[in-house]
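Since the structure comes first, as structure tokens, the remarks are kept for the end.
Bear in mind that the values here come from a model prediction, so they are computed numbers and not experimental data. The figures here come from the full heavy-atom set of this structure, side chains too, leaving out hydrogens, waters and symmetry mates.
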Amino acid sequence: MQIDQHTATDTTGSKVSANVYASGNAFILEETDEIKQQYRRFFIKQGLTEREADVAVLIAFAKSNKEIAIALNIAYNTVRNHVANVYIKTGMHNRFELARYANAGVSVS
């Protein structure tokens with residue numbers, strides 16, 4: 001599977017435009033409000049603030065810090081601070097780990 005910033009090619013050669021994803025499908029492929037809310041609730045239960053949970057959900061959807069700043073209408077450096085807090089509170093070290101952690105904790109049907 002090849003990965004780039006906006007599209008990915010699966011093993012059949014089909015383009016997937018939902019989100020960037022990594023091997024093992026750590027990042028969430030389908031972006032619906034219901035799925036976002038399930039992940040948000042999960043992150044809040046893990047002790048994140050509401051804003052940190054918003055950031056964590058967008059990380060799980062493979063958004064960059066710049067994309068998160070735009071989506072949440074906050075400063076880039078504020079996003080960086082929230083990302084650092086998310087990593088500390090969850091014990092994760094990078095975006096891939098955080099996405100896998102969320103996927104392990106949320107059952108999406």
- Measure up the F43 and Y101 rings against each other and bin them: parallel (under 30°), tilted (30 to 60°), perpendicular (over 60°).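 Ring orientation, 0 to 90° scale: tilted.
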
- Message: Quick check: do L72 and R51 have side-chain heavy atoms less than 4.5 Å from each other?
- Response: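 In contact.
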
- Message: Ignoring hydrogens, what is the shortest heavy-atom contact between F42 and A102? Give both atom names and the distance.
- Response: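 Heavy atoms of F42 and A102 come nearest at CE2-CA, 3.7 Å.
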
- Message: Looking at every heavy atom in both A99 and A60, which two are closest together, and how far apart are they?
- Response: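 Reported closest heavy-atom pair: CB-CA, 4.3 Å.
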
- Task: Tell me, please, which residues at least two apart from E97 pass side chain to side chain donor-acceptor pair (under 3.5 Å).
- Result: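 For E97, the residues satisfying side chain to side chain donor-acceptor pair (under 3.5 Å) (neighbours in sequence not counted) are H93.
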
- Go through the structure and list residues passing side-chain contact (heavy atoms from CB on, under 4.5 Å) with K66, not counting sequence neighbours.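 Scan of K66 (side-chain contact (heavy atoms from CB on, under 4.5 Å), adjacent residues dropped) gives S64, I70.
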
For residues 78-92, dump all side-chain donor-acceptor pairs below 3.5 Å to protein atoms at least two apart in sequence or in another chain.
residue, atom, partner, partner atom, Å
N81, ND2, N77, O, 3.4
N85, ND2, E52, OE2, 3.4
N85, ND2, N81, O, 3.4
Y87, OH, R95, N, 3.2
K89, NZ, E52, OE1, 2.8
K89, NZ, E52, OE2, 3.4
T90, OG1, V86, O, 2.7
T90, OG1, M92, N, 3.4

- Task: Nearest 0.5 Å please: distance from the CD atom of Q37 over to the CD1 atom of I35.
- Result: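 With rounding to 0.5 Å, CD (Q37) is 11.5 Å from CD1 (I35).
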
- Message: Let me confirm one number: the CD1-CG distance from I59 to N65, rounded to the nearest 0.5 Å.
- Response: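 Answer for the CD1-CG pair, I59 versus N65, is 7.0 Å.
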
- Item | Results of salt bridge (Lys or Arg N to Asp or Glu O under 4.0 Å) for E50 - residues two or more places apart only |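 E50: salt bridge (Lys or Arg N to Asp or Glu O under 4.0 Å) contacts with R40.
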
